[in-house]
Chemist: 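Okay, handing you the structure first.
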4 protein chains.
Amino acid sequence: MYNFRTDLASERRDIYQKANKLENEIDGIESEKEEIDENIKVERVKITNENGEKAIGKPVGNYITIDIKKLKIAQEEEIEKAAQTLSNELRNIIDTHIDKQGEILVVGLGNIYVTPDSLGPKVINDIEVTRHVIKYLPQYVEEGTRMVSAISPGVLGTTGIETVEILKGIVDNIKPKLVIVIDALASRSIERISSTVQISDTGIVPGAGVGNTRSEISENSLGIPVVAIGIPTVVETAVLVNDSLDLFIQKLQDEAKSNDYLNKLKEEDNYEEIKQALLPQDYNLIVTPKEIDDLIENMTEIVAQGINNSV
Amino acid sequence: MYNFRTDLASERRDIYQKANKLENEIDGIESEKEEIDENIKVERVKITNENGEKAIGKPVGNYITIDIKKLKIAQEEEIEKAAQTLSNELRNIIDTHIDKQGEILVVGLGNIYVTPDSLGPKVINDIEVTRHVIKYLPQYVEEGTRMVSAISPGVLGTTGIETVEILKGIVDNIKPKLVIVIDALASRSIERISSTVQISDTGIVPGAGVGNTRSEISENSLGIPVVAIGIPTVVETAVLVNDSLDLFIQKLQDEAKSNDYLNKLKEEDNYEEIKQALLPQDYNLIVTPKEIDDLIENMTEIVAQGINNSV
Amino acid sequence: MYNFRTDLASERRDIYQKANKLENEIDGIESEKEEIDENIKVERVKITNENGEKAIGKPVGNYITIDIKKLKIAQEEEIEKAAQTLSNELRNIIDTHIDKQGEILVVGLGNIYVTPDSLGPKVINDIEVTRHVIKYLPQYVEEGTRMVSAISPGVLGTTGIETVEILKGIVDNIKPKLVIVIDALASRSIERISSTVQISDTGIVPGAGVGNTRSEISENSLGIPVVAIGIPTVVETAVLVNDSLDLFIQKLQDEAKSNDYLNKLKEEDNYEEIKQALLPQDYNLIVTPKEIDDLIENMTEIVAQGINNSV
Amino acid sequence: MYNFRTDLASERRDIYQKANKLENEIDGIESEKEEIDENIKVERVKITNENGEKAIGKPVGNYITIDIKKLKIAQEEEIEKAAQTLSNELRNIIDTHIDKQGEILVVGLGNIYVTPDSLGPKVINDIEVTRHVIKYLPQYVEEGTRMVSAISPGVLGTTGIETVEILKGIVDNIKPKLVIVIDALASRSIERISSTVQISDTGIVPGAGVGNTRSEISENSLGIPVVAIGIPTVVETAVLVNDSLDLFIQKLQDEAKSNDYLNKLKEEDNYEEIKQALLPQDYNLIVTPKEIDDLIENMTEIVAQGINNSV
């Protein structure tokens with residue numbers, strides 16, 4: 001398998017097609033794009049069989065990417081439109097797995113005290129939970145209301161417990177039919193930071209890429225479908241440099257100042273080499289945009305509204 | 001049983017003795033007092049048999065009250081001394097239940113977004129957890145280190161799930177030997193607000209007094225011993241008024257301006273009457289001192305240090 | 001002069017009328033009431049001459065009280081209506097002092113780190129300032145836009161500087177035509193806590209009642225009109241007890257259990273006596289409702305929107 | 001003058017010496033280095049005459065750089081040592097300008113709501129101010145105590161007022177003898193982020209480099225000496241890329257995979273070219289380390305303690 005270095009099914013599909021010089025869709029992969037408005041775009045990728053799985057290294061399932069431009073300066077109206085888009089996609093994906101009244105547990109991963117990692121806990125604070133009202137005061141809710149509960153389990157470094165162990169215990173005890181997990185991710189490309197929402201129904205691995213699988217949060221580990229909402233909020237310096245190097249060489253080419261070796265560098269993915277150059281100096285920082293507080297605030301509103309309107 | 005209207009075993013014992021005109025300790029109840037310094041006092045009450053249980057309506061077990069005066073303006077040195085006192089009491093009580101290596105789960109109840117209710121979650125952020133290090137990187141810890149994990153499960157209004165349901169699931173899954181629960185309480189007397197720490201080993205009922213028992217967090221519900229650390233941070237207006245009324249009548253008596261009826265009022269507990277007078281006007285607010293942010297900060301340090309040094 | 005123990009001109013007028021058994025308006029005082037909806041009421045009091053000044057101990061000027069019921073649980077729509085009401089009153093009062101383009105400086109008093117005192121600084125963060133844009137990028141604003149600037153000067157305990165000294169320096173230097181000051185107040189009655197907004201155009205004295213006047217923020221000290229927006233967010237225990245005692249005795253009267261002495265107590269204002277009874281025990285706490293975080297959040301939105309829409 | 005692209009006098013001196021192949025100190029520039037321990041280093045540069053000024057484009061004055069390694073994971077002891085180092089340097093520099101009782105105003109620049117820009121306001125909250133106590137309660141302070149006041153004036157985008165205008169007003173009104181300004185800076189090199197403290201006595205220009213000088217905070221604008229404490233907390237992507245490109249080419253050289261053109265690239269400063277390549281794609285983000293919350297917390301303690309111990 002290629003080292004795709006991206007979690008996005010749509011990006012992996014592109015890479016695979018380019019590498020194999022394919023012009024048509026890969027067998028086992030279907031996709032469609034939709035432009036909601038000039039700032040919001042949606043791409044839906046569906047992996048339908050084992051061939052698709054093998055090609056891009058992702059299990060059979062749905063993968064939806066919502067791109068939101070200029071989120072940093074988004075006004076109320078644009079935030080609502082983004083929330084509505086998220087809501088529509090989420091409702092579709094939930095409906096393929098459970099019926100209208102199937103109980104849902106919403107899980108916000110992350111650490112409230114680390115700004116770029118605080119999205120999950122903040123969303124949980126804004127989720128409209130109904131489970132306790134339906135159980136203890138059913139007269140106050142409309143008949144047919146779906147049971148929704150929510151939890152922010154903390155992170156391994158603060159709890160000492162793998163998140164999946166916490167969730168396994170809760171799921172076994174309260175028995176929801178589906179879990180929605182919200183997670184702040186590391187971005188694999190400079191342009192995705194805090195502007196992309198990824199929805200998938202095949203679960204997630206917190207801290208993925210570190211090479212452990214014991215912490216997978218998925219139907220395998222929890223026994224019920226897991227819909228993941230992932231938002232890239234941080235990026236490695238090596239990723240920034242790799243992306244920027246291409247732009248820099250492009251500029252040198254435009255100015256006819258490049259050479260064969262540089263052209264070759266641009267063709268290649270130099271991420272691993274750059275990382276190896278930065279690591280010995282402790283320069284491979286994980287960074288986040290200066291405006292992260294505002295970005296998290298806007299994203300929290302989009303994701304919480306998106307979930308509240310869809311469940 | 002009397003309506004003791006206090007959770008403190010020591011206060012209940014006093015009320016029972018006074019009401020029954022007893023001069024000696026009640027059969028089934030032992031107690032001792034210690035003055036750590038001019039600002040810190042400890043009282044340890046032990047209920048040893050069924051007679052003691054019946055007398056004051058608390059199950060057999062240990063009940064320790066630490067009073068800390070002037071916490072609002074406490075400096076580093078006094079905070080350390082209070083933490084040390086808590087630590088000593090806590091260690092003794094833990095040692096009566098499990099051995100030195102028995103795994104402990106620390107649970108911080110409360111809502112991080114409601115200042116007077118944020119103590120539990122804030123303490124959890126400062127607990128030194130070891131469970132994950134011992135499991136995955138045992139070479140980095142001394143042999144014999146106790147496994148400690150920690151969780152802040154949120155509140156029913158935010159999660160939709162009874163706290164005990166969340167904990168039951170986690171305890172069943174990770175199997176600790178003892179649970180420590182931290183909880184911000186409603187105070188039953190004006191002078192205890194944010195100046196008392198109560199430790200007991202008989203568990204707690206969140207929102208106690210509302211008349212439900214489904215949510216008890218105790219050995220009954222979890223199957224392992226539960227040590228509770230409770231700190232009063234809020235108080236009902238009716239409690240403030242009842243306590244103040246006594247002081248006011250006392251002053252009238254001192255000035256020879258009282259009368260029989262007032263004297264009788266002072267003898268009685270007028271809490272219930274006052275509450276009934278305030279409720280129709282929506283005047284029975286739950287209140288907290290203006291300095292609650294500082295109080296919570298100081299208490300968080302005391303409780304987190306107290307736990308870290310004792311486990 | 002009476003010890004009115006309230007800053008509200010409308011309450012002082014009532015007390016004066018009752019004490020002097022007046023049935024008509026006092027010479028030199030005009031007033032009118034308006035009911036915006038079932039939850040929002042406005043009363044406008046105008047002191048027009050020296051006789052009015054003397055009667056209720058307030059300088060000639062406008063005093064407007066907006067009462068908002070059930071703010072704790074207010075939804076978006078009610079918050080907007082309250083903001084609109086504030087906005088209308090504020091616009092009228094501003095228009096009596098300066099013209100449509102007269103520059104305004106908005107000042108948020110208080111301490112961001114003390115929740116019940118954080119309203120002022122939080123409002124400042126949401127004020128739409130225009131002064132710098134008009135000065136440096138005039139092409140980006142409509143012609144005729146009013147210059148608005150904003151500052152949160154901190155509190156004496158944190159800065160070591162009287163607020164009026166800070167403001168005097170700034171006003172002398174940037175020369176606005178009018179100052180709006182936002183201040184969290186101590187409430188003089190239990191029912192006003194976090195449900196009343198007071199607007200006046202005669203300035204304020206931070207920490208008023210402590211008997212100093214050196215810190216007055218008014219046209220006297222700053223040389224330009226000062227519109228004050230005050231919101232009660234805390235209350236003394238002695239005030240709670242005094243108000244509650246009346247309700248309690250009322251209940252005893254209703255149950256025919258009162259007596260002459262109690263009836264007399266109810267007629268009198270016992271605040272000072274109660275305070276003297278509580279002080280020796282350190283029981284006269286300043287308290288705030290448990291839900292203060294949410295109240296401040298809602299009030300911040302009302303006041304910030306109210307100002308943004310009126311200037 | 002060179003485009004030094006660094007504010008550090010020590011770095012500019014190095015660049016000038018290298019460019020002019022000088023082996024000795026430049027006339028008009030003196031310097032000395034001190035290694036406090038393995039993690040903390042100090043370099044003191046003094047510009048003594050016009051020749052020194054011209055060489056490195058900085059006015060006559062003192063420039064001290066304190067480097068603190070591994071701040072992210074610093075423990076209490078290391079933080080105290082760093083604070084002590086800052087304190088010593090600061091005391092020396094203050095003593096060269098005013099006498100032991102000369103009043104000082106501490107100014108914390110920045111925005112409390114933007115994490116990487118919140119250092120200044122947070123430090124102000126921890127400064128031990130004495131001015132009000134000396135003025136109103138002199139019996140509570142030792143004779144000879146220095147008057148200290150503190151203010152956090154906000155940022156232009158929130159206040160609409162240039163910071164220097166606010167400070168000018170306050171300084172004219174309360175007349176301190178010296179100002180200390182704390183400012184979070186953009187770093188000019190990847191390794192300085194959140195690990196360097198710069199002290200100088202020649203003032204600062206907020207948002208320096210944008211080409212305006214109207215906002216200079218210095219003896220020129222305020223009329224009294226200005227000691228600046230600057231801490232780099234953010235960095236441009238173009239700076240990260242420029243620094244990283246050198247490391248990357250170095251690695252290629254080590255592996256004998258480089259070529260003449262790359263070697264030349266490494267010799268040159270490509271910052272400007274890289275920036276021009278990134279800007280059209282909106283890729284030149286200003287970023288901050290993921291751990292910025294902890295870094296700011298540690299730095300706040302170092303700077304506040306450093307100031308409190310030196311004034």
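Quick note on labels: first sequence line is chain A, next is B, and so on, each numbered from 1.
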Chemist: Count the heavy atoms of every other residue, nucleotide or ligand shown that sit under 6.0 Å from CD of Gln17(A), and state whether that count exceeds 12.
Modeler: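 Buried by this count: over 12 neighbours within 6.0 Å.
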
Chemist: Among Thr115(A), Val241(A), Leu262(A), which residue has the highest count of heavy-atom pairs closer than 4.5 Å to chain D?
Modeler: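 Option with the top pair count is Thr115(A).
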
Chemist: Is Ile249(A) in contact with chain D via its backbone, its side chain, both, or neither, using a 4.5 Å heavy-atom distance?
Modeler: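 Ile249(A) has no heavy atom closer than 4.5 Å to chain D.
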
Chemist: Would you give the length of the straight line joining atom CG of Asp293(A) to atom OG of Ser118(D), rounded to the nearest 0.5 angstrom?
Modeler: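 The OG atom of Ser118(D) is 8.0 Å from CG of Asp293(A), to the nearest 0.5 Å.
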
Chemist: Measure the CD-CD distance between Gln250(A) and Gln281(D) for me, rounded to the nearest 0.5 Å.
Modeler: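 These two atoms lie 9.0 Å from each other.
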
Chemist: If you measure from CD1 on Ile190(D) to OG1 on Thr237(A), what distance do you get to the nearest 0.5 Å?
Modeler: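 Those atoms lie 5.0 Å apart.
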
Chemist: In terms of heavy-atom pairs under 4.5 Å with chain A, which of Thr288(D), Ile286(D), Asn242(D) leads?
Modeler: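 So the answer, after comparing Thr288(D), Ile286(D), Asn242(D), is Thr288(D).
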
Chemist: For Asp254(D), is the CG atom crowded, meaning more than 12 foreign heavy atoms sit under 6.0 Å from it?
Modeler: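 Enclosed: over 12 neighbouring heavy atoms sit under 6.0 Å from CG of Asp254(D).
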
Chemist: Should the heavy atoms of other residues, nucleotides or ligands under 6.0 Å from CD of Glu76(D) be counted, would the total exceed 12?
Modeler: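 Yes, enclosed.
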
Chemist: Shortest non-hydrogen contact from Glu273(D) to Phe248(A)?
Modeler: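 For Glu273(D) versus Phe248(A), the nearest heavy atoms are CB-CE1, 3.7 Å.
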
Chemist: With a 4.5 Å heavy-atom cut-off, do Asp294(A) and Val114(D) have their side chains touching?
Modeler: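 The answer is no, as the side chains (C-beta and beyond) never meet within the 4.5 Å cut-off.
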
Chemist: If every non-hydrogen atom of Leu252(A) is compared with every non-hydrogen atom of Tyr261(D), which pair is closest and at what distance?
Modeler: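 Minimum heavy-atom separation between Leu252(A) and Tyr261(D): CD2-OH, 3.8 Å.
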
Chemist: Just do the side chain to side chain contact (heavy atoms under 4.5 Å, CB included) check on Leu247(A) and Leu278(D) with the steps written out, would you?
Modeler: CA-CA 7 Å; Leu247(A) 288 172; Leu278(D) 296 179; 3.6 Å; yes

Chemist: What's the shortest heavy-atom distance between Pro116(A) and Lys290(D), and which atoms?
Modeler: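 So the minimum-distance heavy-atom pair works out to CG-O, 3.6 Å.
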
Chemist: Could you go through the side chain to side chain contact (heavy atoms under 4.5 Å, CB included) check for Leu245(D) and Leu245(A) one step at a time?
Modeler: CA-CA 8 Å; Leu245(D) 186 60; Leu245(A) 186 61; 3.4 Å; yes

Chemist: Should the heavy atoms of other residues, nucleotides or ligands under 6.0 Å from CD of Glu38(A) be counted, would the total exceed 12?
Modeler: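 No - once you tally the heavy atoms of other residues, nucleotides and ligands closer than 6.0 Å, there are 12 at most.
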
Chemist: With a 4.5 angstrom heavy-atom cut-off, is it the side chain or the backbone of Val234(A) that approaches chain D, or both, or neither?
Modeler: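 Contact with chain D is through the side chain of Val234(A) alone.
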
Chemist: Might you confirm whether atom NZ of Lys266(D) has over 12 heavy atoms from other residues, nucleotides or ligands at distances under 6.0 Å?
Modeler: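 Yes - once you tally the heavy atoms of other residues, nucleotides and ligands closer than 6.0 Å, there are more than 12.
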
Chemist: Kindly check if the number of other-residue, nucleotide or ligand heavy atoms within 6.0 Å of CD (Glu35(A)) is above 12?
Modeler: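 Atom CD in Glu35(A) is crowded, with more than 12 foreign heavy atoms closer than 6.0 Å.
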
Chemist: Please indicate whether Lys251(A) has more than 12 foreign heavy atoms, meaning atoms of other residues, nucleotides or ligands, lying under 6.0 Å from its NZ.
Modeler: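 Counting other residues, nucleotides and ligands, NZ of Lys251(A) exceeds 12 neighbours.
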
Chemist: Between Ile274(D), Asn284(D), Leu285(D), which has the largest tally of heavy atom pairs under 4.5 Å with chain A?
Modeler: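 The option with the most such pairs is Ile274(D).
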
Chemist: Test your reading of the model: is there a side-chain donor-acceptor pair from Tyr283(D) to the backbone of Leu240(A), 3.5 Å cut-off?
Modeler: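 Judged by distance alone, no pair lies under 3.5 Å.
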
Chemist: Rounded to the nearest 0.5 Å, what's the gap from CD on Glu191(A) to CG on Asp282(D)? Could you check?
Modeler: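 With rounding to 0.5 Å, CD (Glu191(A)) is 10.5 Å from CG (Asp282(D)).
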
Chemist: Counting heavy atoms not belonging to Glu77(A), are there more than 12 under 6.0 Å from its CD?
Modeler: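 Counting other residues, nucleotides and ligands, CD of Glu77(A) stays at 12 neighbours or fewer.
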
